Amino acid sequence: MLSRAMNYISHHAIAILALICSLLALAGASYAATQLPKNSVGNAQIKQGAVSPPKFSKQIGGYVRLYAKLTPAGKIIYATPGAKVTNWGITGPAGATGIVGTISWPHQGGSHTACSALATVGSPPNGPISATADATRTGTSVQIFSANPDSLVTVAVIC
């Protein structure tokens with residue numbers, strides 16, 4: 001009987017270990033849910049710069065407020081709410097061929113008028129492309145130009 005049990009354990013060790021880890025995780029979550037006072041864990045208990053964007057912004061001067069990922073045809077794959085493509089084409093300045101486009105967001109609140117834009121092409125991204133941000137009290141727009149008209153475009157606005 002003992003050898004049969006040892007044989008079973010040796011063949012199912014990973015499943016048994018996964019079960020034990022799951023039970024420990026559930027026990028920890030149950031303790032936290034039932035024993036810790038409401039709102040007792042917050043920014044004061046988290047290491048500085050670990051989660052809160054305002055703490056992060058002190059280290060680099062800003063954080064991503066707006067973002068969008070677009071197809072080569074200018075269709076939004078995903079983005080922060082309110083993003084829309086206001087201009088998109090496959091021609092460029094001075095006869096260059098590529099993507100020229102504008103992505104806009106409505107006013108997001110706050111007074112973040114000092115913003116920069118970063119845009120990359122490809123999936124995974126293979127380098128930056130030309131992008132300029134214009135943040136006003138009514139909204140934010142980013143104008144991009146990419147010499148590669150056949151790649152996904154990812155845009156981030158850092159304020």
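Here the structure is a predicted model, which is why all the values come from computation and not from measurement.
Counting heavy atoms from C-beta on, the side chains of Lys69 and Leu152 come closer than 4.5 Å. Between Tyr67 and Val157 the shortest side-chain heavy-atom distance does not fall below 4.5 Å. Between Ile144 and Val100, every side-chain heavy-atom pair lies at or beyond the 4.5 Å cut-off. Proximity of Val155 to Leu118: side-chain heavy atoms (C-beta onward) are nowhere separated by under 4.5 Å. Side chains of Val85 and Thr102 form no contact here, defined as non-hydrogen atoms less than 4.5 Å apart.
Of the possible donor and acceptor atoms, one in the side chain of Trp88 sits under 3.5 Å from a partner among the backbone N and O of Pro72.
For the atom pair OG1 (Thr80) and CZ (Arg65), the distance works out to 11.5 Å, reported to the nearest 0.5 Å.
Screening Val142, Thr86, Asn87, Leu66 for a side-chain contact (heavy atoms from CB on, under 4.5 Å) with Ser104, the sole residue that qualifies is Thr86.
Ile20 and Ile9 fall within the same hydrophobic cluster, defined by Ile, Leu, Val, Met, Phe, Trp and Tyr side-chain heavy atoms under 4.5 Å apart, directly or through other members.
Of all non-hydrogen atoms in Trp105 and Ala83, the two that sit nearest each other are NE1-CB, 3.0 Å.
Within a 6.0 Å sphere centred on CG of Leu26, heavy atoms belonging to other residues, nucleotides or ligands number more than 12.
A side-chain hydrogen bond (donor to acceptor under 3.5 Å, both in side chains) check over residues 7-18, counting only residues at least two apart or in different chains, returns the pairs Asn7-His11.
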